[in-house]
Each structure stands twice: as C-alpha cells, then as structure tokens.
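Single-structure report; data block below.
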Protein chains: 2
Amino acid sequence: MGSFTNDWKKCKNCPIRHRAFCSRCEPDEFAKLESLKYYRTYNAGQTVVWAGDKMNFVASVVTGTATLRETLIDGRTLMVGLLLPADFLGRPGRSISPYEVTANTDLVLCCFRRNAFEKMMEEMPHIGRRLLEMSLDELDAAREWMLILGRKSAREKIASLLVALAQRKKALHQIGPNDRLNFHLPLTRESVADYLGLTLETVCRQISALKRDRLIEIEGKRDIIVPDLTALIREAGDDVGSYPSI
Amino acid sequence: MGSFTNDWKKCKNCPIRHRAFCSRCEPDEFAKLESLKYYRTYNAGQTVVWAGDKMNFVASVVTGTATLRETLIDGRTLMVGLLLPADFLGRPGRSISPYEVTANTDLVLCCFRRNAFEKMMEEMPHIGRRLLEMSLDELDAAREWMLILGRKSAREKIASLLVALAQRKKALHQIGPNDRLNFHLPLTRESVADYLGLTLETVCRQISALKRDRLIEIEGKRDIIVPDLTALIREAGDDVGSYPSI
DNA sequence: CGCTACTTTGAAAAGCTTCAACCAGTGTGG
DNA sequence: CCACACTGGTTGAAGCTTTTCAAAGTAGCG
C-alpha cells in the first residue's frame, strides 16, 4: 500500500477514534498510543486465536468484523459475540483466550502488546474508564442475547436478528421512518444458525416462512427488505415501545 | 440489632472485603467508603428493582443472593445472572436497570448513592480497575452460559448446573478429591427451569433421570450427592480437563 | 386438618433436528 | 468450452426432544 492510502493509520484520522477504548484520550496520550500500536490484518475466514491459546496482545477492531465462538467437546459450537469496528478484543490481566476468534470478513486490528497496554492503563485513567463502559455494554448485550437463546422460538430468534440488523442500518445511515428499509445479511445461513443456536435447515425454513408471511422480502439470497419494522419487532416477541424512535 | 452483632459493618471486618469492588482500597480509602456507604436489607422474594426502573444507587452483595431476570412481553422470563456475595449490582453511568433484580434469599446490600460512587471512582483508581476485572469475569461467565442455553440438551443443562454448584461447594469448603461431595440446591425446580431456559416439568424429569442413572443421589428434595463428579461433568458435555483439580 | 407451595409423572402435541435429495451459482482443469 | 466439483441454499419426511395439559403426591404450617 502506498503511504497515501495509510491516512487511517494516524490516530487523528482513525475511523474508530470516537468509539474505541481510546476515545477519551488527549492529544499527548495519542502520541503515546501512536508509538506503541501496530496493525495486524487477517483475511475473511482466518483464525485470530484458538480457544485456550495464549494471546500476547489486545486490540481494537478498525475495519471488518470478527466472531467469538465457544465449542463443546463433541464439536457443537455457538457464536457468543460479534466484534464490530471499535470493539475491543482481548483482556488486560489474562493471556489465555477462552474463545476462538475468527475474522468474519477481511479484518484490520489495531494492536498493543499486553504488557505495554497494561502499563498504559495505569498511566491513562481514561482508558480504563472507557473500557469499563464498553465491557458493561457488552455484558448487557450478552444478557439480552441469553434471553433470545433461552426463551425464544426459532421464528422469534430469526426475527430478532433481522430487527437488530435493521436497527443498526437505520442508526448508521440516518434512514427516516418512511424510507424503504433494506440491508445486507452479512452471514451465511450456517453462521446465522451458529449465532442463534439453531440448525441451518431451521434457519432456512424460518426465513422462508417470514418471507411467505410478507414480514420480509428477499433479493438474491442475502439482501433483506423490511416493509414494516414494527410488525417484525412484534414477531420477534419484543415490546415495540422498548425500541428508540420507531 | 445490638451493636455487638454489627461487627461486619466495619469495612475491616466485612466478609466480602477481599473480593468486592473495594478489595484493592487502602486504609484511608476505606475511611471514605465507610463515610458514604449505607446498608439495605431485603427478605427472600422481595424485588430490589423492576426492569426499566430508575435505580439511584449501586451496591455490593454482602450476604445472600439475588437474581437478574429478563422478561418478554408475553411473560416468558429467563434468569440472566445470579449475584453472590461480593458481586456488584448496578452500573456507574446509567440509572435505568435493564433487568428485574430479586432477592433470592434474605439479602444485605452495601450501597452507595450513584453520584457519590461515580465521584469516588474518579478519586480512587483502584475501584475502577477492580470493577473492570469483575465485569470481564461476568462477561466470560455470561458467554459460557450462552453456550449452555444455545446448544446443550435438557439433561446436559441440568448436569451443568449441578457441576457448577458442586464446584463452588468444593472451592468454598476445601473438599478433598475423595470426600463425599454433597450440596444443597438453593433453587426451586421452577427457578432452575428459569435459569436454564426449560420448563419445570422438564427439570423434574431430567433430575429424576440423572438419579435413575446413578449420576446423582437425592436426599429430601433439594440435597444432592455427587458420587462421581467426573462422570457428571461428562454428562454435562464438558471437557473434564478444562476443570481445575479434578 | 386442610390449606398452600412445591414436586412428580403421564400422555398428547408441538417444535426442532436429522437425514436426504436437490437447486443455483462459481470456479477449475481437461 | 464444457464437465465437474464445490459452496451455499432450499425443501420434504421421519424421528426425537421438549413443551403443554392434566392429575396427583408430599411437606410445612396456621
């Protein structure tokens, strides 16, 4: 890559600057970060760490997405987390990763050696505070996901995932309440199954059923149109009122 | 209560001092904590906060246990967390509780007004750091629980819960590898079901099945004896090697 | 004694998975 | 260029697991 394509490697141009663990750092602190950070890139499908392996760095996702996956002895697996840009990977104070981390798309990580990061945390209280906030957000998200996994039917699970993706699209693209709401499903049917604790056949059938019942339309295999988000939220078993700005 | 029963109200005698958010505080910091803290007590079954309600304090569990519960519009519920002594309740920076918190047994909380706590966090970096550690532990636990909810069979779910309780008993009571391993199940069948995403009938049947298959023995309704923990771990679908000191 | 809360068990029904076949699109080597 | 394999997706039928509905047993307590 020519240097003119590397603008994002300066902290001040970094696309995740305002949401990552470093979002509250001051200019002089960014200088320190700049001197310690390094980038790693992975291709879609590559594994970042295996479950139980040592991981000597922590990182922010800069671009792309990664999945956290847990496995039982007999091979059954479940995705337990999805890392989006600005999300944090790794854990200060522990070197063994309890889950397998895989690049879901092409992935760029902004990395720090774990020891260096821990020392930085001591020096810059901003970092620890932001990291606490992010962890608590993830904890809330994990618990909401537990409710989906433990109590929702297959149809409700699929609807919940589609609602979540639709909400994200809405938030990112400032889509008005009357615009046509569409988005790309960034996962294979198998990954959806892995995410929701279903089999891929059940995922297929339920997506087909939602289409048949006119709750969604599908272009190609992966592009979803939601004609009536409120109806889809109801199908997900959620309270329409609990969502912002419907 | 006479003052002679209140020894635990001094931080230095507090039973959770070495594990709670304050575990790394210095003597002068404890003085500050002592001046701001106050206690609340709840009876078994009482609600501490309703989902969506404002909560103007944060707290440590001193004695007893509490449950975090999420609910769908039609009334289905799932326990998404179990707070044991030393665990933290509430969230700095947010006042609305996303879940219902209920006292599972008689419960004593060591409380701080949220504003006061947030100011304390600024002043004492120890607190934030310990809280981050605790949150990350909880996040790992939540993700492990997601695997149980999403991929395990009813029998495996029950076995997993019993293994977890057996492990806790072992850790707390220094039980040797050859001692008889028994513990009290601190939940009704209905609560177990709520915890594992099952119905209470399924819980009953699976407990009966485990008993029939000699993987557990039962005294009364709630006292469990585990003759062979390794066998029970296998029944839970877990890797025996992943547990410490079997 | 007769509540009430908790537990157990059975039978039928629903829901999801498993096994199997098949389709569509894409890339590859003869 | 076509045949072939490969990946991802769809659909059907049978079977198994869990839920639902129903009935009845047990223990603690006023």
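Each chain gets a letter, A, B and so on, in the order its sequence line appears, and its residues count up from 1.
- Geometrically, Arg40(B) engages Phe57(B) in a cation-pi contact defined by less than 6.0 Å to the ring centre and at most 45° from the axis.
- An OP1 or OP2 oxygen of dA5(C) is reached within less than 4.0 angstrom by no side-chain nitrogen or oxygen of Thr188(B).
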Where protein sits on nucleotides 22-27 of chain C, one letter per nucleotide: B base, S sugar-phosphate only, - none, heavy atoms under 4.0 Å: ------
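- For the pair Arg151(A) (side chain) and Thr77(B) (backbone), a donor-acceptor distance under 3.5 Å is present.
- Asp194(A) places its CG atom 12 Å from the P atom of dT17(C), with the value rounded to the nearest Å.
- Rounding to whole angstrom units, CD of residue Glu156(B) and P of dT17(C) are separated by 14 Å.
- Judged by distance alone, with hydrogens and angles left aside, the side-chain atoms of Glu144(A) form no donor-acceptor pair with the main-chain N or O of Ala141(A) at under 3.5 Å.
- As rounded to whole Å, 15 Å separates atom C1' of dT7(C) from atom CG of Leu187(B).
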Dump the pairs, protein N or O against N or O of nucleotides 5-7 of chain D, anything under 3.5 Å, distances to one decimal.
none

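- Judged by distance alone, the side chain of Asn43(A) and the main-chain N or O of Gln46(A) form no donor-acceptor pair under 3.5 Å.
- Atom CZ of Arg168(A) is surrounded by 12 or fewer heavy atoms from other residues, nucleotides or ligands within 6.0 Å.
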Reading 5' to 3' through nucleotides 14-20 of chain D, protein heavy-atom contacts under 4.0 Å coded B for base, S for sugar-phosphate only, - for none: ----SBB
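- For the pair Asp74(B) (side chain) and Arg76(B) (backbone), a donor-acceptor distance under 3.5 Å is present.
- In this structure, Arg189(A) atom CZ and dT17(C) atom C1' are separated by 18 Å, rounded to whole Å.
- The separation between Leu196(A) atom CG and dG15(C) atom P is 18 Å, rounded to whole Å.
- Phosphate contact (OP1/OP2 of dT7(C), side-chain N/O of Arg222(B), threshold under 4.0 Å): present.
- Going from atom CG of Leu200(B) over to atom P of dA23(D) covers 17 Å, rounded to whole Å.
- Atom pair Glu190(A):CD and dT10(D):C1' shows a separation of 15 Å (rounding to whole Å applied).
- Between Trp145(A) and Tyr195(A), the ring-plane angle classifies as tilted under the 30° and 60° cut-offs.
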